[in-house]
Each structure stands twice: as structure tokens, then as C-alpha cells.
Number of protein chains: 2
Amino acid sequence: MSAKQPKSGNKGKKTPEDAPGAVWFRAEKTSRTGPQLSHERIVATAVELLDRDGVQKLSMRRLAERLGAHATSLYWHVATKDDLLDLALDAVFAELDLPGEHSAAWQDDIEAFMTGLRSVLLRHPWAAALAGSRPLMGPSALRASEFTYTALTTGGFEGVHLSSAAATLTHYVLGSASSEAVWRERSDEAATRSAVDAHLRARIDEYPTLAGHFPLLDEDDWDAHFHRGMRLLLAGLASSEARG
Amino acid sequence: MSAKQPKSGNKGKKTPEDAPGAVWFRAEKTSRTGPQLSHERIVATAVELLDRDGVQKLSMRRLAERLGAHATSLYWHVATKDDLLDLALDAVFAELDLPGEHSAAWQDDIEAFMTGLRSVLLRHPWAAALAGSRPLMGPSALRASEFTYTALTTGGFEGVHLSSAAATLTHYVLGSASSEAVWRERSDEAATRSAVDAHLRARIDEYPTLAGHFPLLDEDDWDAHFHRGMRLLLAGLASSEARG
DNA sequence: ACCTGAACACCGTTCAAGT
DNA sequence: ACCTGAACACCGTTCAAGT
């Protein structure tokens, strides 16, 4: 059905470009529907669509349409949709701006990593949940890991304690960013929150401690919430026990 | 096409139950293809399928087939597939076995929560990633939160520090379980790991610290890895700074 | 009250064919 | 080398109709 009404195609239309002599005025080889497909353009557009509509709405067909191409053409450039998601995710990590040189206090580097990663993840609300569900092995993710490993090494972490500390920090950033993103994505955060709050208060026998403590009724608290968790982690890192 | 070859249906087949007089031997009103649908049976079967085939493979049609019903029938019991996933997830949290009474040392309760949650999540490898990507507001998840909030209150946490500490612990368990599950799901974990290791070593200029520290080449290290992160968090909780 | 059947508007991916 | 077109085997969900 939808194939019968060409939306962005150009077959069958008589355009000035078809007129005799038009060869001379036509652009050389480049496709008429925009720039050619390329690995980079596909990934960049995927990120754009993911930002706008979320991960559930991204399809190869919608992506292709936006690129002025057919869905099947994408498969010349990327193997699967899953690969594309990995590429889009690493593109987000590529936005992470880490200090060029390591600072005197290694804790400052850890803070820079954590707050920096959090803010790129919040710029792309689909990214944190995705990052939590697959290995992060892209070059930009590895670059970020390298930075963290170096800072922690300066802090005295070695061997297995090094990887455990790094993983713990990363899990915290991904987890808190994901949870923040998912709450903020719903337009009615405040309404949902007070509904949950009411629900808990109505069952105060079951949830005596939880009711009344349901977090973050104020929107601006997200930032402070993140920083409190980060301080807890930094305090944990400071403890010699963590180093073995 | 697929509708023309009845796979598990029973229309058109002559069975002994169709024979004259068979009325008397037939079960009363119950459907022929198994017990009737119910909220509980749908959720339990969904968990079963998720355990076996993962979240990507779960569809309303496959689930219905396994229940001996049609996909559309499920919609009388659950509103959407998304709701069903929330229900399945809370069913996993329901398996979490928490101490009946709180122990003398609140840290032991925190440990019990963390290790307990980790093990139910690893029993259902799809669960951790899902839990990280949506609010956990089911009754069993709330029960677990109540337990943690109570333990932390005993530990001296109050107000915003209480929710921040609780969230930090939860993010760690979900993140580490998710990452462990995703690595273990691939049949060739060892092979993948040494491929990554080789990749890093080949780029030792870019990743001087990371190369050679790529974690967990031994499978049994997952457990110790988790416990090291947990100790780091407990050390963080112990620091007075975390309480305000 | 509970379930079916048909239908709608989609999916990811393969592959021969075009340029 | 890069892209199209047709096709395959699926999806979630709605809704009128059956019992």
C-alpha cells in the first residue's frame, strides 16, 4: 500500500533535469535526494532520530526515509540494526569531553569523568539505558575507560581492584543517568510522582519507611541527588579497604 | 500463510472427543488447549519464555502460542506488552528472599539485599537490563526498597541522604548484574574476551593503562568482582560524609 | 466474562537486479 | 561500489463478532 504512493522517491516524475540538454546542468554523479549515504551520515542521523523519538521508534525504514534512501540500502553500510545502535552509542561517548591532561588530584579526574559522562548521557536520553545493556567496547568508550583507569592508578588502585573500582563508578553513572532520563521523559513527571507518593502513603503499613521518603519531588534535586551518590563513591574510594 | 497450517490449533481435526456420546467424558467448560488464561499464568509463562529466549524474542504471538491461545486474547488480561514486561519484572523481584527480621548490624541487611537481588537477577538474565531502563514501582520492588530504606535508617541515613544512598546501591546491583548477564549470555565469552584483550594490546599507545587490565578473563571472578564493588560501597556508607 | 478472526500499520533482513 | 525493488517472515494492537 504505502509503496504505491511514492513519498520521497523520484521515479516517474518529469523534472527539468530530464529535458534534452540538461546533462550539462545536472550535478555530476551525486544522488538527487541529498548527499550520498555514508557510515558517518547514517550514524549521525540515527542519533538525531533517537534524540527526537526514542529508541522504540527507531526503525531502519524511518531512518532510511530521513536519509532519502531505502531501508535496504542501509545494509550496505551497516550489518544490522544492533550494530547501528552500538555505533550510535559510541558516538555519544565521543561527545564526552575529558581533561586533556590529568589533574594533580586524581579525585578531580574521577569527578570530571562522572559528571561529564552524566551530562552527555542526559543530552541523549536513550543512551544510558542502552549503555547499561551491552558491552561498551567502542573506541570512545574505551578512551573514557582509559582515562578512568589512569586516574584510579594514580589513586593507588591496582589489578582486580582497579577494574572493580572503575566498573563501580561506571555502573553508578549509567544507572543514575538512565533512571533520571526515564523519569524526565514522561511529560507528567510531577503528576506521576505525586501519584506514587499517594500510593505509598495509602499503604503505610506495608511501606512505613519508604512512604514519605519517596525521592525527588522537586525537579532540580536530580543534580544534588547525583552528587550525593558520587560523594558516597568517592568516600568509598578513599577508604584503604577498597584498594585491597 | 502461516494461518493456513494450524500448528497448535485443534480446528478441523477429528479427535475421540468429537465422537457421538463423548459429551459425557469431556471436561466441563475448560478450554481444550490447557488451563484458561489468567493474569498469573500469562506472567509466569512470559518469565519462562524470557528466561529461555531473551527479551528480543518475546512476542505476544509466541507467548500466546505457548499458552494455547491467540495473541489478541492476551489483551483482555494485560493492556500492552510493556505492562506485561513490568509485571514479569516484578515477578522476578518477588523471588527475592529477604531476611524476615532485620539483623543487629544494618550492614548485614544491606549485604543481604545486594547479594540476594544480584542472584535473582542472574537467574533471569534479561531482568537486570530491563530493570535499569524503567521505574521500579511494582509491589515486590517496593518491598525490597522498604527493606533497604529501613536498614539505612538504622545506619543513620535520613531524608535526601537516605534516598541517595539507596539509589546508589540499587544502581550498582542492577548495573553489575546487567553487565555480567550480557557477557555470560554470549556462548563464547572467553573467546570474545581474548579478542578484546588482543585488540587493546595492539593499541597500547592509545590505551596504555587499560590494555593489560581488561578485567575478568577468568569466569569465576564475577563473584569476587561484585563483592569488591560492594565493599567499596559499604566503605562509602561507613564514611560520615555520606550522611550529610 | 472471556476468547477468536480479520485486519491495520508496521517491522528487520536477504537477495537478485540495476547503475 | 553503491543502491533499488520485491519478497519473506515476522511484529503490537484494535475491534467487531462469537460463546
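Chain identifiers are assigned alphabetically (A, B, ...) following the order of the sequence lines, protein sequences preceding nucleic acid strands; residue numbering begins at 1 within each chain.
- The CG atom of A:Leu63 sits 6.0 Å away from the CG atom of A:Leu84 when rounded to the nearest 0.5 Å.
- Nearest-nucleotide mapping onto DNA chain D: of A:Trp76 and B:Lys57, the residue sitting toward the 5' end is A:Trp76.
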Query raised in the report: Just the dot-bracket of DNA chain C, please: which string comes out with Watson-Crick or G-U pairs under 3.5 Å, [ ] for crossing, | for another strand?
Result: ||.|||||...|||||.||
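- With a 6.0 Å radius and a threshold of 12 heavy atoms from other residues, nucleotides or ligands, B:Asp97 has its CG atom at or below the threshold.
- Residue A:Leu58 is classed as a sugar-phosphate contact, given heavy-atom separations below 4.0 Å to backbone atoms only.
- For the residue pair A:His171/B:Ser176, the side-chain donor-acceptor check at 3.5 Å is not satisfied.
- Nearest to the side-chain atoms of B:Thr72 among the listed nucleotides D:dC3, C:dT14, D:dT13 stands D:dT13.
- Ring pair B:Tyr172/B:Phe226 is parallel by interplanar angle, where below 30° counts as parallel and above 60° as perpendicular.
- Among the nucleotides C:dT4, D:dT13, C:dC3, the one closest to the side chain of B:Leu37 is C:dC3.
- The distance from the CG atom of A:Leu85 to the CZ atom of A:Arg134 is 5.5 Å, given to the nearest 0.5 Å.
- For D:dC2, the OP1/OP2 oxygens have no side-chain nitrogen or oxygen of A:His70 closer than 4.0 Å.
- Straight-line distance from the CG atom of A:Leu63 to the C1' atom of C:dC11: 14 Å, rounded to whole Å.
- One interatomic measurement links the two molecules: CZ of B:Arg61 to P of C:dC10, which rounds to 15 Å at whole-angstrom precision.
- Annotation: D:dA9 and C:dA9 have their P atoms spaced 23 Å apart (nearest Å).
- Side-chain nitrogen and oxygen atoms of B:Ser73 include none within less than 4.0 Å of the OP1 or OP2 phosphate oxygen of C:dC2.
- The side chain of A:Met60 has C:dG12 as its nearest neighbour among D:dT13, C:dC3, C:dG12.
- Side-chain contact of A:His124 with A:Glu95: a donor-acceptor pair under 3.5 Å is present, judged by distance alone.
- The CG atom of A:Leu85 sits 12 Å away from the C1' atom of C:dG12 (whole-angstrom rounding).
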